[in-house]
*Asks:* 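Take this structure, written in structure tokens, and hold onto it; I'll ask about it next.
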Amino acid sequence: MPIAMITGATSGFGRAAARRFAADDWSLILTGRRSERLEALKKELGDSVEVLTLTLDVRDAEAVARAVDELPEAFREVTCLVNNAGLALAPQPAQQVDLADWHTMIDTNVTGLVNVTHAMLPLLIATGSGASIINIGSVAGSWPYPGGHVYGATKAFVEQFGYNLRCDLKGTGVRVTDISPGMAETEFTLVRTKGDQAASDDLYRGTTPLEAEDIAEQIFHVATLPAHININRLEVMPTRQTWSPFTIDRD
Ligand SMILES: NC(=O)C1=CN([C@@H]2O[C@H](COP(=O)(O)OP(=O)(O)OC[C@H]3O[C@@H](n4cnc5c(N)ncnc54)[C@H](OP(=O)(O)O)[C@@H]3O)[C@@H](O)[C@H]2O)C=CC1
Ligand SMILES: O=CCS(=O)(=O)O
């Protein structure tokens with residue numbers, strides 16, 4: 001059975017993607033920092049598919065490299081890497097943000113994604129034709145909005161890193177895709193607001209956001225396309241989310 005490695009499998013898109021791949025009998029390497037959630041997911045899925053859990057902070061380059069190095073033989077022929085682990089913090093204007101929050105977003109969304117990709121590239125290249133790296137970007141990487149500051153910039157990095165990777169991976173058979181979702185109801189806003197459940201509920205109230213399963217379906221679709229097709233970027237928004245006009249500062 002093909003193997004998918006998913007970072008950030010303890011919640012949201014990552015957990016939904018794990019369930020989607022498992023439904024088609026893929027073996028899974030599931031990672032995240034919350035081991036109890038990883039174990040719960042393994043318990044849920046482990047009867048039907050092979051599941052390896054790795055408690056891992058993607059920001060820790062050494063731990064990531066060691067974990068990949070020590071992957072058991074049965075889990076080394078990885079077909080799909082889903083670089084999903086990530087977060088937004090500090091929705092307030094840039095001039096009011098704690099510098100530590102900017103660092104956390106860069107360390108996770110940029111450095112963490114790069115750490116995992118660097119460690120996994122030899123395995124994906126060894127798998128060759130049909131292998132793919134699916135990076136979870138965001139509409140925030142393409143479209144500016146107030147409070148997007150460093151979060152949007154990290155997702156712009158994800159997009160360009162993916163395109164540049166494609167250039168270097170020419171001839172290896174390894175595909176690279178940026179899936180960029182818009183508003184989706186997961187634990188994302190709870191994390192962004194540092195635990196403000198009311199703020200999270202308010203954001204999603206009275207509209208129809210994407211669900212984690214919507215993005216999981218897109219991830220699975222991209223991962224299972226014929227080997228000669230590379231979707232470069234897939235931007236997915238809820239029908240009820242669009243853009244605002246430019247705003248003008250007036251006297
Ligand atoms: N929800 C949305 O509106 C959108 C989200 N995205 C992106 O989708 C991805 C998934 O977010 P989503 O599912 O919504 O949010 P969730 O908060 O529900 O899930 C985030 C996941 O990332 C993991 N994670 C966070 N930091 C680290 C870390 N340092 N090391 C390892 N794992 C980490 C968390 O696991 P744990 O805490 O256990 O480590 C968790 O499993 C993110 O990259 C996000 O930026 C993109 C567009 C829209
Ligand atoms: O990446 C998250 C989606 S949004 O909050 O930027 O719309």
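Note that ligands are numbered from 1 as they come in the structure, with each ligand's atoms numbered from 1 the same way. Not measured: the values here are computed from a predicted model.
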*Asks:* Please tell me if the side chains of L81 and I134 come closer than 4.5 Å, counting only heavy atoms from C-beta onward.
*Replies:*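 Contact flag for L81/I134 side chains = no.
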
*Asks:* Suppose I only count heavy atoms of F188 and a 4.0 Å limit; which atoms of ligand 2 are within that range?
*Replies:*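 With F188 as reference, the close atoms of ligand 2 come out as 1 (O), 2 (C), 5 (O).
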
*Asks:* Are R20 and E217 close enough for a salt bridge, meaning some N to O gap below 4.0 Å?
*Replies:* yes

*Asks:* Identify, by atom number and element, the atoms of ligand 2 in contact range of R192, meaning under 4.0 Å from any of its heavy atoms.
*Replies:* 5 (O)

*Asks:* What protein heavy atom is closest to atom 6 (O) of ligand 2, reported as residue, atom name and distance in Å?
*Replies:*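 In this structure, atom 6 (O) of ligand 2 has Y145 OH, 2.6 Å as its nearest protein heavy atom.
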
*Asks:* Considering only heavy atoms, which protein residues lie less than 4.0 Å from any atom of ligand 1?
*Replies:* G8, A9, T10, S11, G12, F13, G32, R33, R34, L56, D57, V58, R59, N84, A85, G86, T108, I136, G137, S138, Y151, K155, P181, G182, M183, A184, T186, E187, F188, V191

*Asks:* Write out the residue and atom name of the closest protein heavy atom to atom 3 (C) of ligand 2, then the distance separating them to 0.1 Å.
*Replies:* S138 OG, 3.8 Å

*Asks:* Using the ring-ring contact (aromatic ring centres under 6.0 Å, His included) rule, take Y204 and F188 through it: C-alpha gap first, then chi angles, then the decisive distance, then the call.
*Replies:* CA-CA 11 Å; Y204 303 121; F188 178 81; 8.6 Å; no

*Asks:* Which atoms of ligand 2 sit under 4.0 Å from any heavy atom of A140?
*Replies:*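 Listed by number with element: 6 (O).
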
*Asks:* For a 4.5 angstrom cut-off between non-hydrogen side-chain atoms, does S180 reach K155?
*Replies:*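 The answer is no, as the side chains (C-beta and beyond) never meet within the 4.5 Å cut-off.
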
*Asks:* Report the nearest protein non-hydrogen atom to atom 7 (O) of ligand 2: residue, atom name, distance rounded to 0.1 Å.
*Replies:*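 The answer is Q241 NE2, 3.6 Å.
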
*Asks:* Check K155 against ligand 2 and report side chain, backbone, both or neither, counting heavy atoms closer than 4.0 Å.
*Replies:*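 For K155, no heavy atom sits under 4.0 Å from ligand 2.
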
*Asks:* In terms of atom number and element, which parts of ligand 2 are under 4.0 angstrom from non-hydrogen atoms of Y151?
*Replies:* 1 (O), 2 (C)

*Asks:* When you measure from the centre of the six-membered ring of F220, is the NZ or CZ of R19 closer than 6.0 Å and no more than 45° off the axis?
*Replies:*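 Here R19 fails the 6.0 Å and 45° test against F220.
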
*Asks:* To the nearest 0.5 Å, what is the distance between CG on L169 and CD1 on I125?
*Replies:*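 Reported to 0.5 Å precision, the distance equals 5.5 Å.
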
*Asks:* Between the side chains of E39 and R37, is the shortest nitrogen-to-carboxylate-oxygen separation below 4.0 Å, so that they form an ion pair?
*Replies:* no

*Asks:* What residue among T172, T79, V78, T117 forms side chain to side chain contact (heavy atoms under 4.5 Å, CB included) with L124?
*Replies:* V78

*Asks:* Using heavy atoms and a threshold below 4.0 Å, how should the contact between M237 and ligand 2 be classified: side chain, backbone, both, or neither?
*Replies:* neither

*Asks:* Could you check E159, Q160, R166 and say which one makes a side-chain hydrogen bond (donor to acceptor under 3.5 Å, both in side chains) with Y163?
*Replies:* E159

*Asks:* Has R233 got a side-chain atom pairing as donor or acceptor with T177's backbone, closer than 3.5 angstrom?
*Replies:* no

